Amino acid sequence: MVRFFVQNFFDPTLRPCYHLVRMYHHQEIETKWQKRWEEAGLFHAKDQSDLPKFYALIEFPYPSGAGLHIGHPRSYTALDVIARKRRMEGYNVLYPIGWDAFGLPTENYAIKNKRKPQDVTTENIATFKHQLQMLGLSFDWSREINTTDPAYYKWTQWMFLQFYKAGLAYKAKMAINWCPACKIGLANEEVVNGCCERCGGKVEKREKEQWMIAITKYADRLLADLENVNYLPKIKKQQEHWIGRSEGAEVMFQVDGREEKITVFTTRPDTLFGATYVVLAPEHPLVSTIVSESQKAVVTKYVALAKQKSDLDRADEEKEKTGVETGVFAINPVNNEKIPIWIADYVMMGYGTGAIMAVPAHDDRDFAFAKKYELPIIEVVRSELNTQACWCGDGVVMNSGFLDGFSTAKAKEKITTWLTNKQLGKSSVQYKLRDWVFSRQRYWGEPIPLVHCEKCGWVPIPEQELPLILPDVEKYEPTDTGESPLASMEDWVNTICPTCGASAKRETDTMPNWAGSSWYFLRYIDPHNDQAFADFAKLKYWMPVDLYNGGMEHTNLHLLYSRFWNKFLCDQGHVPVSEPYLRRYSHGLIMAEDGHKMSKSKGNVVNPDEIVVEYGADALRMYILFMGPFEEPVPWSKNGLVGVRRFLEKADRYVQDWIEHPEARQDLGKIVEPYLKRVNEDIEGFHFNTAVATFMELMNRLLEKDSKGKMMFVGEKQLQKILCMLCPFAPHLANELWERLGEKGFVEEQTWPTIEEALLVQDTIEMAVQVNGKVRATIRLSPNAIEEEAMVAAFTEGNVQKYLEGKEVRKVIYIQGKILNIVVG
RNA sequence: GCCGGGAUGGCGGAAUUGGUAUACGCGUUGGACUCAAAAUCCAAUGAUGGCAACGUCGUGAGGGUUCGACUCCCUCUCCCGGCACCA
């Protein structure tokens, strides 16, 4: 090993390593160990094992053309640390990786550059794989999967057919969010502030027949089962919010002088006496039937106008609410009052029943509307606060006949019972969650394996014919007609009905890219199985995922979809557990050095592979862990990286000096052990930043000279322990140093060190002495010292005496091992 | 508007259960080594007063609880993330 090596300006494969001269040769070391790990198959999970299992999962990357982002390794490195630790702790660890490769960016790139998406994907994966492998992550590459591989999407299609057969996949004509730029229908979840999540362009409404999956059927379980999992609290909250359960009641209003009844949903049935009008959403089916002759023209115009508006326009609260009268009245069932029926676009067809009872005295929106159109406002809840505007909180019911004097909660109960008994309503639970729009009019996705026959309707293609291969087409460009590019492939589209043999047409829409990622964690368990998506016994051994980490941007949709998907498969008997992820964690974004998000256009992107070449994978890994709290966003800093690199060099040098000075070794267990204890705890608590800081502190401590001015070299056992615990963070260097110590095999094959409690007991500790809460001195004493001993020690301190002089000691607070506070008056 | 999370030196950030605020890293300053530079090593580094011992102030703002508050409570300001006419 060349310890003092001068920058090599001659070898073109070695980029000069900034300003370091005395350094360890990271490139040589890292390639060497990566090769050895690979040859030994060290990180392959075992299918048959008596060991306890540990399944660590990271969100598999989308192999974009931009290459690996520095944010990717943040997640991968953190879980790598845990995976490596678990292996050393004796677990059979599954830490897999794959590619979520269907999707728009690749398709768009392919269109622009006139290439096949398949080819682009293959290239991108190769780049990503190469970049990832430089990092020395302990992935089990033998289980690599790719959602665009027919052997994989065969099972995505198979699962879609299971949804279809179970009646959970259905086709519905509906107004969809249409992105004119991407020429694609978007799920509600993909529309952000009325704009396309992908391109940022404004979204329009279009009528389109779409495949839907009835995720709403699982809303209650998706919510309730959050009880049984360990997610970061904010993630749980997001899931809860997205599912959006509200309890309330449905109330039936008879339309005056007509057959029709209007059912409304309300969370405040207690305010029924205060309802002064009813509102229908413009899309409500009753709109066309009940409107009076005189109002027909006005209503038709209003409804047409509302249709044109995007959701963004409609949702814009700044804008004034609008509406039109129907000229017809409804009967309030509780007091038989006639109240007008209005149509207004502040009521959404997609939630509840698409109709509301308006209680302007106790709902902000109804209040604003009533003010504008001069509708009556009847107060029925007395609030504790004397508000002039409308009061939306709880209180005591008034002006409400038999409900008077009851609390809001009690009144809700009473009125709901009353409505139920009179068959005028019932209690009801509504969810914000809506069914999943599962069709995309694009090429680069899984073909939906259904055939439409004039006679038989929609027919699944036989399972043995799966996968239904995505055919090569001439043009990938999406069409403005709303048809998938597949629709122009007549050879492919025209087929025969599997049931009756008549000519039939294939579905030309493809699946959204959420599909493949909704079940990938199952495929890792048995990635090469061609008889089933995974063997049940293997699923039983490995599931659920013990630890799942990814970005906060996927804690709404992907998490919900995949939980739902897994639950469905579980109900069908294909998966043994109902909840796929035992524990879910999330990392924060890595921002650019300037504090902004990294983006190509800003030119502030950091390329991981360049950092690896220049500073080494170990330095990059450790720096990514060191930069800040794992769940929080942190700015990238090259200076910080240099600090970590210096630490690694110090470690390298320390071990080298240690080898050369066997005579200077001594038992420093009492010094070393507390640091190791902290590292151990920090890893388990996801405090990787302080774990790295602890290693640095330990190193600094060991580099201090002892009282005789000599280097402090730890004993052999202690050094081995340190290297074992360093291994998950800097695996290449740890193994290299391990080998230099003359040890055989890999550090990864060692047992994770146990912390010896006896070594944690300190002989003396430093304690602060306060007088009236202000620190005046520090004393050294035994951690078990009693108050009297502490007082004696304190009184020897001149500074303490100074503050006690002439004062009466009123009180002494002594917390053993923590503080001595003398209160004087 | 609602929900969640924050605010600590020049910078990124530590601080266990309320117990010496600023660990660790970066930067800066001074010194050693060198013809010189880089690297490395040593020292200093919250503000302020003092030759020093030491003092005063100090964790977004204001108040409170406590022997003692970055930590708990109340009020407010600002920032970040999520949701949003969901009845």
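Throughout, a chain's letter reflects where its sequence line sits, starting with A, and its residues are numbered from 1. Side chains are part of it too, since the values below use all heavy atoms of this structure and drop only hydrogens, waters and symmetry mates. Source: prediction; values computed, not measured.
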Polar side-chain contact A:Lys234-B:rC3 base: donor and acceptor under 3.5 Å: no
So which nucleotide does B:rA43 pair with, by the Watson-Crick or G-U wobble rule with both distances under 3.5 Å? B:rU29
Does A:Asn556 make a side-chain N or O approach to OP1 or OP2 of B:rC83 shorter than 4.0 Å? yes
Would you indicate what A:Asn700 reaches in the nucleic acid, counting non-hydrogen atoms under 4.0 angstrom: base, sugar-phosphate, or nothing? sugar-phosphate
Think A:Lys321 forms a cation-pi with A:Phe369, using NZ or CZ under 6.0 Å from the six-ring centre and within 45 degrees of its axis? no
Please report the distance separating the P of B:rG68 from the corresponding atom of B:rG13, rounded so that it comes out in whole Å. 32 Å
Distance, C1' atom - from B:rA7 to B:rA14, rounded to whole angstrom: 16 Å
Whether the side chain of A:Asn639 and the base of B:rC26 hold a donor-acceptor pair under 3.5 Å is what I'd like checked. no
Tell me whether the OP1 or OP2 atom of B:rG55 has a side-chain N or O from A:Asn799 closer than 4.0 Å. yes
Taking only the side-chain nitrogens and oxygens of A:Tyr803, find out if one of them lies under 4.0 Å from OP1 or OP2 of B:rG55. yes
Is the phosphate of B:rU40, meaning OP1 or OP2, less than 4.0 Å from a side-chain N or O of A:Arg646? yes
Counter-base of B:rU20, judged by Watson-Crick or G-U geometry with both distances under 3.5 Å: none
